Amino acid sequence: MMLLLIAGAIAGTAASITPEDLFGDANYSYLDVTVPGFSSNMTFSMMDNFDNASRSFFSQFYFSSSSVSSSVSMTSGLSQPRRIEIRGHEPQLVYLFGAEPIPYREFVSRASLLGTNQLWIAGPDKWTQYVVCPVNTLLRLIADSTGDGVADIYEIYPNNTINRRQYPIFPGLNEMNFRADSVGRNIVFFIANSIPSNIVVIDVVPAVQTAPQQTAPQVTAVSAVQISTPPSVPVAPSQAGDTVVIIKSTGMRGYDVYLDDVYVGTDGRGGDPLDGSFTLKVVGNMEHFIKVWDGQFFYGKPKYYPRGVTTTLWVEPGYALYI
C-alpha cells in the first residue's frame, strides 16, 4: 500500500517529519487503500456490503455514543493517549489485512522481533486493523509503542485532508478514543521515535434509522470515552429484574452505571454508600451490557447472566473490561 511504503521509507529517519514529507503529492488520493477480507469467505468494502453479517462482526469494535453524546468533550478525532495495562486481559485474536486471524500471543512473539510500532482497533476480545462502523459511533484504538516520547498521530479524512496531532506517548500499550464523525474512509497511523506504525482503516457509513425496539436492546461492544466534564445524569429507570448483579471496585468511587446503554445509578448517590460497590437487577437468562463510567472512561463488556444467580463484577481503573 502507498501509505505503508511511505511510512516505511521514513523509518529510522531522525529528522523532524512534516506532513509534506509524508504527503508531498497533493494530487494523490491516500484513501484508495484496498482492504481485503479478513478470511477466505468474508469480503468487506466501504458502504456497499454493510449487511447483517458484516454489521454483526464489526459491532464488537464500536458502540453508540447516544447515551453519552451530551457529555463527551472529544467532539471529533482522537483523544490523547493514555497508558493501559492488559496483562491477563489480552485479546484472543488479531485481524491483519488480508490474512486469517491469528492468536494475539503468537503475533506478539513475532512483532517483538521486528521492534515496530503497532496500531489496533480494539474489541472486547479481538483486535483488528479494519472496521466498518456507523457515523458518530466511538472506537477504542490501541497504540503499542516501542518507547516513550512525543508521537505524531496522523488522521486522513474522507476528503483527503490530513490532520497531524502531537501527543506524549508511553512505552507499551496506549489507549486512544476515536469518534467516527466523518462518513467515508478514515485512516490513522502514528510515528514515535522515528518508527511508523501500521495504518488502521475506519470506513464510516451513514447511520441506519431503525424503529424503536420492543425487545431487549442490541448488545454492542465496549469502548473507552475520555470525558472532561461530568455528564448530565438522566432519569434512572426502575430496576425491574430477577437477577442481582453487584459491581465492586477497589480503585474507583462515585462511578456511574449504565445497563444496556441506559443510566441506572451512581455509586454514592440516592442512598447508595460511596464505597465502590453498586447493586442492580437485570432480567436473567439474557445477555446484558453493563458499563461503568469513572469520570474519564467507560469499562465493561457484554455478558450472559443466568436467572437467579448473583454475579459480582470487579471493575478497576486501567482495564478495559471488568473481571
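This structure is a prediction, so every number in the text was calculated from the model and none was measured.
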Do Leu259 and Phe289 pass the side chain to side chain contact (heavy atoms under 4.5 Å, CB included) test, and can you show the C-alpha distance, the side-chain angles, and the key distance before you say yes or no? CA-CA 6 Å; Leu259 171 62; Phe289 191 8; over 6 Å; no
Is there side-chain contact between [X] and [Y], with heavy atoms separated by less than 4.5 Å?
{"X": "Asn186", "Y": "Tyr157", "value": "yes"}
{"X": "Leu96", "Y": "Phe107", "value": "yes"}
{"X": "Phe57", "Y": "Val132", "value": "no"}
{"X": "His288", "Y": "Val283", "value": "yes"}
{"X": "Phe61", "Y": "Lys126", "value": "yes"}
{"X": "Thr116", "Y": "Thr146", "value": "no"}
{"X": "Pro91", "Y": "Ile86", "value": "yes"}
{"X": "Cys133", "Y": "Val205", "value": "no"}

Derivation of the side chain to side chain contact (heavy atoms under 4.5 Å, CB included) call for Glu85 and Leu173: CA-CA 7 Å; Glu85 172 62 60; Leu173 299 181; over 6 Å; no
Of the non-hydrogen atoms in [X] and [Y], which two are nearest, and what is the gap between them?
{"X": "Gly254", "Y": "Thr266", "result": "O-CG2, 3.6 Å"}
{"X": "Glu316", "Y": "Gly251", "result": "OE1-N, 3.1 Å"}
{"X": "Met252", "Y": "Val315", "result": "CE-CG1, 3.2 Å"}
{"X": "Ser182", "Y": "Val204", "result": "O-CB, 3.3 Å"}
{"X": "Ile169", "Y": "Ala192", "result": "CG2-CB, 4.2 Å"}
{"X": "Tyr255", "Y": "Asp294", "result": "CB-CA, 4.3 Å"}

Please identify each residue that fulfils side-chain contact (heavy atoms from CB on, under 4.5 Å) with Gln92, with sequence neighbours left out.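 side-chain contact (heavy atoms from CB on, under 4.5 Å) check on Gln92 returns Asp125.
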Begin from the C-alpha positions of Ile153 and Met176 and carry the test side chain to side chain contact (heavy atoms under 4.5 Å, CB included) through to its verdict. CA-CA 11 Å; Ile153 304 174; Met176 299 180 290; 3.5 Å; yes
Distance-only, no hydrogens or angles: does the [X] side chain make a donor-acceptor pair with backbone N or O of [Y] under 3.5 Å?
{"X": "Asn117", "Y": "Pro196", "value": "no"}
{"X": "Thr243", "Y": "Gly308", "value": "yes"}
{"X": "Asp256", "Y": "Trp293", "value": "no"}

Full working for side chain to side chain contact (heavy atoms under 4.5 Å, CB included) between Asp267 and Val292: CA-CA 10 Å; Asp267 173 47; Val292 167; over 6 Å; no
Give a yes or no on whether Ile162 and Val183 share a hydrophobic cluster (residues Ile, Leu, Val, Met, Phe, Trp, Tyr; joining criterion: side-chain heavy atoms under 4.5 Å apart).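 Result: yes, single cluster for both.
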Within one Ile-Leu-Val-Met-Phe-Trp-Tyr cluster: Val135 and Phe178, side-chain cutoff 4.5 Å: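 Yes; tracing contacts between hydrophobic side chains, which count when under 4.5 Å, links both residues.
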Contacts of type side-chain hydrogen bond (donor to acceptor under 3.5 Å, both in side chains), residue Arg253, not counting sequence neighbours: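 Partners of Arg253 under the side-chain hydrogen bond (donor to acceptor under 3.5 Å, both in side chains) test: none.
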How would you list, by chain and number, every residue that makes a ring pair (Phe, Tyr, Trp, His ring centres under 6.0 Å) with Tyr104, sequence neighbours excluded?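 Once residues adjacent in sequence are excluded, the partners of Tyr104 under the ring pair (Phe, Tyr, Trp, His ring centres under 6.0 Å) criterion are Trp127.
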Can you list the steps and then say if Asp275 with Ser277 is a side-chain hydrogen bond (donor to acceptor under 3.5 Å, both in side chains)? CA-CA 5 Å; Asp275 57 1; Ser277 179; 4.7 Å; no
Matching residue for Ile187 among Ile202, Val200, Ile199 - test: side chain to side chain contact (heavy atoms under 4.5 Å, CB included):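 Option passing the side chain to side chain contact (heavy atoms under 4.5 Å, CB included) with Ile187: Ile199.
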